[in-house]
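A short write-up of the structure that comes next.
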Amino acid sequence: MKVEIIAGQIFIAMTGADGRKRTLPPLAAITETRAVIHTLQSERTAIEAEAATIVTGMRQSLTDGTDTSAHRMRMAELKNLDAELNTRINTANEQINHIRAATTRVEAEGIAAAVQAEIDDILKPLDTGAFA
Amino acid sequence: MTVINEIAARVSAAKFRAAEAEDALAVAQEKANALASKIANARARQQAITVARLEGEGTEAEAAEFAALTGDIELLTSMHEDANNALQPLGRVALAANNDVLALTQSLDRATAEATYQAIAARTAEIEALLCKAIASQFAAGQAIGRGPLISNSWRMTADLDRIVRVNALPEGS
């Protein structure tokens with residue numbers, strides 16, 4: 001993720017959910033990242049639902065005295081998937097914070113530079129130049 | 001510039017918060033409008049079915065559709081109310097964020113004015129020090145040509161500077 005200034009406007013160059021690189025205004029970049037988080041959260045919800053089904057199935061298998069190894073294997077897979085999704089959600093949230101921080105920092109620098117330029121202009125007629 | 005930098009950082013953060021709040025409000029408003037539009041479409045369809053029935057052209061399928069539309073309208077109306085209720089807090093957040101931007105922008109303007117004053121004051125002090133140096137040089141040069149022992153024998157204030165120093169008034173035309 002990189003902040004770019006194009007024609008005086010702030011843009012975020014980032015890799016989208018589809019893996020394609022694109023340059024977006026900060027708010028659009030955040031909206032896109034939020035959509036990614038939403039999708040990841042939906043996937044986690046689906047995993048939770050499947051895990052609940054597996055637990056029920058495992059209990060039934062235990063009651064029936066049948067093999068539960070397939071259930072346990074799938075549960076381990078789901079656990080890994082969930083951990084991976086959680087990491088990706090955290091990364092996306094960090095990216096949102098990073099976009100906010102970078103955008104506001106760049107804009108703040110622009111504001112401060114504009115104020116300094118304004119003061120410099122005012123001082124120009126009072127320049128002592130070589131006499132100082 | 002540290003104060004300016006700090007306020008500028010707060011202004012830009014507030015502006016971003018306001019933009020995010022406005023964006024969230026716009027999205028919620030769009031959602032509410034979309035629901036309102038669906039309700040209007042469902043009502044229009046019900047009206048068309050009623051007109052057809054009154055003209056003796058109604059069908060059983062349309063009667064069933066009318067009943068289904070009633071259920072849809074009820075559900076959509078409830079969703080629309082929820083969406084409208086969600087707008088109020090979002091609107092308050094956006095308003096508060098915009099007020100923050102306004103207050104901080106005013107604060108930045110005041111800080112800019114103060115920084116400008118301080119910069120000019122510093123430059124005036126530099127110019128005054130330069131003037132003192134110039135007067136000393138002129139006095140020394142005056143001594144070399146026997147202009148007398150007083151500084152005023154060599155250097156005299158202009159009428160404009162005299163007016164500022166003695167009368168505490170700016171030169172005419174300033």
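Only this structure's heavy atoms are used, side chains among them; waters, hydrogens and symmetry mates stay out.
In the hydrophobic clustering of this structure, B:L69 does not group with B:I39; members are Ile, Leu, Val, Met, Phe, Trp, Tyr whose side-chain heavy atoms approach within less than 4.5 Å, directly or through other members. Residues B:I127 and B:M157 are members of separate hydrophobic clusters, defined by side-chain heavy-atom contacts under 4.5 angstrom among Ile, Leu, Val, Met, Phe, Trp and Tyr. Hydrophobic clustering, with ILVMFWY side chains joined whenever heavy atoms are under 4.5 angstrom apart, groups B:F139 together with B:V165. Placement of B:V51 and B:F66 in two distinct hydrophobic clusters is found when ILVMFWY residues are connected by side-chain heavy-atom separations under 4.5 Å, directly or transitively. A:L27 and A:F11 are members of different hydrophobic clusters when ILVMFWY side chains are connected at heavy-atom separations under 4.5 Å.
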Side chain to side chain contact (heavy atoms under 4.5 Å, CB included) between B:R123 and A:D127, intermediate numbers included: CA-CA 8 Å; B:R123 183 58 55 87; A:D127 195 5; 4.2 Å; yes

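No more than 12 heavy atoms of other residues, nucleotides or ligands sit less than 6.0 Å from atom CD of B:E74. The environment of A:R22 atom CZ is dense: over 12 non-hydrogen atoms of other residues, nucleotides or ligands sit within 6.0 angstrom.
What you find for B:N5 and A:A112 is that their closest heavy atoms are OD1-CB, 3.0 Å.
Residues A:R100 and B:E20 form a side-chain contact, since some pair of their non-hydrogen atoms from C-beta on lies under 4.5 Å apart. Between B:E126 and A:L126, every side-chain heavy-atom pair lies at or beyond the 4.5 Å cut-off. Contact of the A:I119 side chain with the B:Y117 side chain is not registered, since no non-hydrogen atoms from C-beta on lie closer than 4.5 Å.
Heavy-atom distances place no part of B:I7 under 4.5 Å from chain A, backbone and side chain included. Proximity to chain B is limited to the side chain of A:I122, based on heavy atoms less than 4.5 angstrom apart. For A:E118, the part sitting under 4.5 Å from any heavy atom of chain B is the side chain, from C-beta outward, and nothing else.
B:I120 CD1 to A:L123 CG: the interatomic distance, rounded to the nearest 0.5 Å, is 6.0 Å.
In this structure, A:T104 contributes its side chain and B:A13 its backbone to no donor-acceptor pair below 3.5 Å.
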